[in-house]
Q: 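Quick one: the structure is below, and I'll ask about it shortly.
Since the model is a prediction, treat every value here as computed from it, not as a measurement. Note: hydrogens, waters and symmetry copies are ignored here, and every other heavy atom, side chains too, is used.
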Amino acid sequence: MKTLSTLVANLRCSAVAACVIGLLTSSITARAQGPAAPDSLTLAAVVAQAQGRAAVGQQARTNRETGYWAYRAYQANYRPQLGLTGVLPNFNHQITPVVQPDGTLAFKSVRNNNSTLGVAVTQNIGLTGGQVVLGSQVQRVDNFNDSTKQYNNQPFTLGFTQPIGYFNPLRWARAVEPLRYRESQRQYAEDRETVAQRATELYFDVLVQQVNAAVAAQNARATAELLRVGQERYRLGRLSQSDLIQLELNLLNAQQAQTQAGLDAENAAVALAAYAGLPGPQAGAIAALAVPVPAPAPPVVPTDALAQARQHRAAPLAFQRRLLLAARDVAYARGTTGFQATLLANLGYVNQADRLSASYLSLQNQQQVSLAFSLPLVDWGRRHSLVRTAELNRDQEQRNVAQDEATFAQTVLAQARQLGPLGQQVGLAARADSLAQRRYAITRATYEAGRLSLTDLIIAQAAKDGARRGYILALRAGWVAHYRLRALTLYDFDRQVALSDDPS
């Protein structure tokens, strides 16, 4: 028959076990619902902070704006440009040789001011690489030696310049720059999701360390209580000295683990604060992080994910741009080494007079047509070598792009296939955490009743701690995979919207 003290101890242990099981069950239920304390940080808040005000988020916006203004500069090359040019003043006082009517030279003192002022409208022709110029120019010469002045006036000129056989950068820019601009805009959305993924990783790094710290503190308190009970049982002769020493060692180890877990949690919090632009944690006052709910895990067909990635990601545009740039290099090699010519045509009106108003009277026609060309006759294979090098580089770039496209597709398909299993892992880890917590509570109560060994208790405690960390790590894997798939496809499968269309 059990003694009265044994019955009281069993009742006490049963009450303790029931209390612990109740607390752990409520903890698991609360964790599944994902509530956050008023002063705790949530994953959504940290991600929004990193994307909005952190340096990495601002860098993404800067890159997008840089791409926009580069595109504006490209567009301006195809629009009329109005410019004012001039040399005013242009004073000259020197002795210079002057050719005389008989062919001899005479050194004369020259003191004059030769000023020009002109306005012109230029228009590039992207298809041919030529340029049309419409302008007007007036020149005034003041001769201070004899106090005279003279005007040379060109009130209207129309010119046309057309390179022949030259490399045409305007035509290639029209093909490349729109791709580059669209790529920069899509890259912004991708950068935001990459920032979210990295912030999530750091968030869970802190959360794991905080859970470790909480578990270590709980273990330290429980070990201290077990040592107190063990000392009582040792005095009653119901516990060996070896087990008592082991309990003391367990307490020391638990206290050391608690201290180290606190340091690790603080270091992880500093890394998160630095990346996400959060206020730096104060020593001993690290903000608690809320355990988030499991990440959304909608059913995703891998082929659909790949189609969305090809439609919204910047990488497919980058593949096209790289192929165009390789082809452009071939055209550049051909357009800078062979036959080259420049056709120049100009017409307008001109007159000179002593007065500006008189220079507009009796205007005379002015025309100019010229064709300048160059043709290498013997270059010892230079042109062929340059062109062949560019062609080989183009062929290699085509192979590289094909390989990168295959890697791109494999990465998206693999990530899409992993989303479902990772969601299942979270549910399994939550169930394992709940069972491990209950098992530890029962094992501890049974140990205090004297019906289990200390080794069994240590094993149950290790399983409890591992299950708790396993649940947090499963949550981490799910959320990281969620943001990674968003970054790889620029599509939110939970809301069924394209992230590249997000104006934020």
Q: Distance check, rounded to the nearest 0.5 Å: Leu386 atom CG versus His384 atom NE2?
A: 10.5 Å

Q: Closer than 3.5 angstrom, by distance alone: can the side chain of Thr259 be matched with the main-chain N or O of Gln255 as a donor-acceptor pair?
A: yes

Q: Look up atom CD in Gln260 and atom CG in Asn253, then write down how far apart they are to the nearest 0.5 Å.
A: 13.0 Å

Q: Working note: Gln197 + Glu201, criterion side chain to side chain contact (heavy atoms under 4.5 Å, CB included); need CA distance, chi angles, decisive distance, verdict.
A: CA-CA 6 Å; Gln197 177 185 335; Glu201 293 172 348; 3.5 Å; yes

Q: Has Gln210 got a side-chain atom pairing as donor or acceptor with Leu289's backbone, closer than 3.5 angstrom?
A: yes

Q: Hey, are the side chains of Asn212 and Asp264 touching, using non-hydrogen atoms and a 4.5 Å cut-off?
A: no

Q: Please tell me if the side chains of Thr411 and Arg484 come closer than 4.5 Å, counting only heavy atoms from C-beta onward.
A: yes

Q: Between Glu193 and Leu488 (side chain of the first, backbone of the second, donor and acceptor by atom type, cut-off under 3.5 Å), is there such a pair?
A: no

Q: Check for a donor-acceptor pair, side chain of Gln123 on one end and backbone N or O of Tyr78 on the other, with a separation under 3.5 Å.
A: yes

Q: Where is the tightest heavy-atom contact between Ala416 and Pro302, given as atom of each residue plus distance?
A: CB-CA, 3.8 Å

Q: Apply side chain to side chain contact (heavy atoms under 4.5 Å, CB included) to the pair Ile459 and Arg439, showing each step before the final yes or no.
A: CA-CA 10 Å; Ile459 293 174; Arg439 178 198 174 199; 4.0 Å; yes

Q: Hey, are the side chains of Leu272 and Asp205 touching, using non-hydrogen atoms and a 4.5 Å cut-off?
A: no

Q: Can you give me the closest heavy-atom contact between Val46 and Ala199, atom names plus distance?
A: CG1-CB, 4.5 Å

Q: What distance separates Ile245 CD1 from Leu227 CG, expressed to the nearest 0.5 Å?
A: 11.5 Å

Q: Can you check whether Ser184 reaches Tyr71 side chain to side chain, under 4.5 Å on heavy atoms?
A: no

Q: Looking only at the side chains, is there a donor atom on one of Gln308 and Asp304 sitting less than 3.5 Å from an acceptor on the other?
A: no

Q: Hydrogens and angles aside, do Arg399 and Gln396 bring a side-chain donor and acceptor to less than 3.5 Å of each other?
A: yes

Q: Quick one: do Lys464 and Val215 satisfy side chain to side chain contact (heavy atoms under 4.5 Å, CB included)? Show the steps, please.
A: CA-CA 9 Å; Lys464 169 185 70 72; Val215 169; 4.2 Å; yes

Q: What's the shortest heavy-atom distance between Pro316 and Ala309, and which atoms?
A: CG-O, 4.0 Å

Q: Under a 3.5 Å distance rule, please check whether Asp433 uses its side chain to pair with a backbone N or O of Ala429 as donor and acceptor.
A: no

Q: Under a 3.5 Å threshold, yes or no: a donor from one side chain and an acceptor from the other, between Tyr68 and Arg72?
A: yes

Q: Has Arg476 got its NZ or CZ under 6.0 Å from the middle of the six-membered ring of Phe204, at an angle within 45 degrees of the ring axis?
A: no

Q: Under 3.5 Å, is there a donor-acceptor pair between the side chain of Asn124 and the main chain of Gly126?
A: no

Q: For atom CD of Gln241, decide whether the heavy atoms of other residues, nucleotides or ligands shown that lie under 6.0 angstrom number more than 12.
A: no

Q: Heavy-atom count around Arg417 CZ within 6.0 Å, excluding the residue itself: above 12?
A: yes

Q: Give, for atom OG1 of Thr489 and atom CD of Glu190, the distance between the pair rounded to the nearest 0.5 Å.
A: 9.5 Å

Q: Please work out whether the ring planes of Phe167 and Trp172 are parallel, tilted or perpendicular, with thresholds of 30° and 60°.
A: parallel

Q: Do you know which two heavy atoms are closest between Val300 and Ala305, and how far apart they sit?
A: CG1-CB, 4.0 Å

Q: Find the distance between OH (Tyr332) and OH (Tyr166) and round it off to the nearest 0.5 Å.
A: 11.5 Å

Q: Where do Val211 and Arg468 come nearest, in terms of heavy atoms and distance?
A: CG1-CG, 3.3 Å

Q: Let's go through Leu41 and Leu278 carefully: what are the C-alpha distance in whole Å and the side-chain angles of both, what is the deciding distance for side chain to side chain contact (heavy atoms under 4.5 Å, CB included) to 0.1 Å, and is it a yes or a no?
A: CA-CA 10 Å; Leu41 287 173; Leu278 301 172; 4.1 Å; yes

Q: Could you walk me through whether Arg310 and Glu405 pass salt bridge (charged side-chain N to carboxylate O under 4.0 Å, His left out), step by step?
A: CA-CA 10 Å; Arg310 287 173 172 165; Glu405 286 179 335; over 6 Å; no

Q: Taking Glu232 first and then Arg228, would you say they form a salt bridge - that is, a charged N and a carboxylate O separated by under 4.0 Å?
A: yes

Q: Using a 3.5 Å distance criterion without hydrogens, assess whether the side chain of Gln187 forms a donor-acceptor pair with backbone atoms of Arg64.
A: no

Q: If the condition is side-chain contact (heavy atoms from CB on, under 4.5 Å), which residues does Glu177 pass it with, not counting sequence neighbours?
A: Tyr74, Ala173, Arg180

Q: Ignoring hydrogens and angles, state whether a donor on the side chain of Arg235 or Gln231 is under 3.5 Å from an acceptor on the partner side chain.
A: no

Q: Answer yes or no: is there a side-chain heavy-atom contact under 4.5 Å between Leu499 and Arg486?
A: yes

Q: Check whether more than 12 heavy atoms from other residues, nucleotides or ligands sit under 6.0 Å from atom CG of Leu236, and answer yes or no.
A: yes

Q: So, do Leu179 and Glu183 sit near enough that their side-chain heavy atoms are less than 4.5 Å apart?
A: no

Q: Atom OG1 of Thr128 and atom CG of Asn168: how far apart are they, to the nearest 0.5 Å?
A: 7.0 Å

Q: Is the shortest side-chain heavy-atom distance between Tyr234 and Asp243 below 4.5 Å?
A: no

Q: For a side chain to side chain donor-acceptor pair (under 3.5 Å) with Gln51, tell me which candidate from Gln58, Arg192, Arg61 qualifies.
A: Arg192

Q: Under 4.5 Å between any side-chain heavy atoms of Asn400 and Arg322, yes or no?
A: yes

Q: Salt bridge or not for Arg394 and Glu397, using N-O below 4.0 Å?
A: no

Q: So, for Pro296 and Trp479, which heavy atoms are closest and what is the spacing to 0.1 Å?
A: CD-CH2, 3.8 Å

Q: Can Arg313 be said to sit on top of Phe408's aromatic six-ring, NZ or CZ under 6.0 Å from centre and within 45° of the ring axis?
A: no

Q: For Tyr471 and Ala432, indicate whether the former's side chain and the latter's backbone hold a donor-acceptor pair under 3.5 Å.
A: no

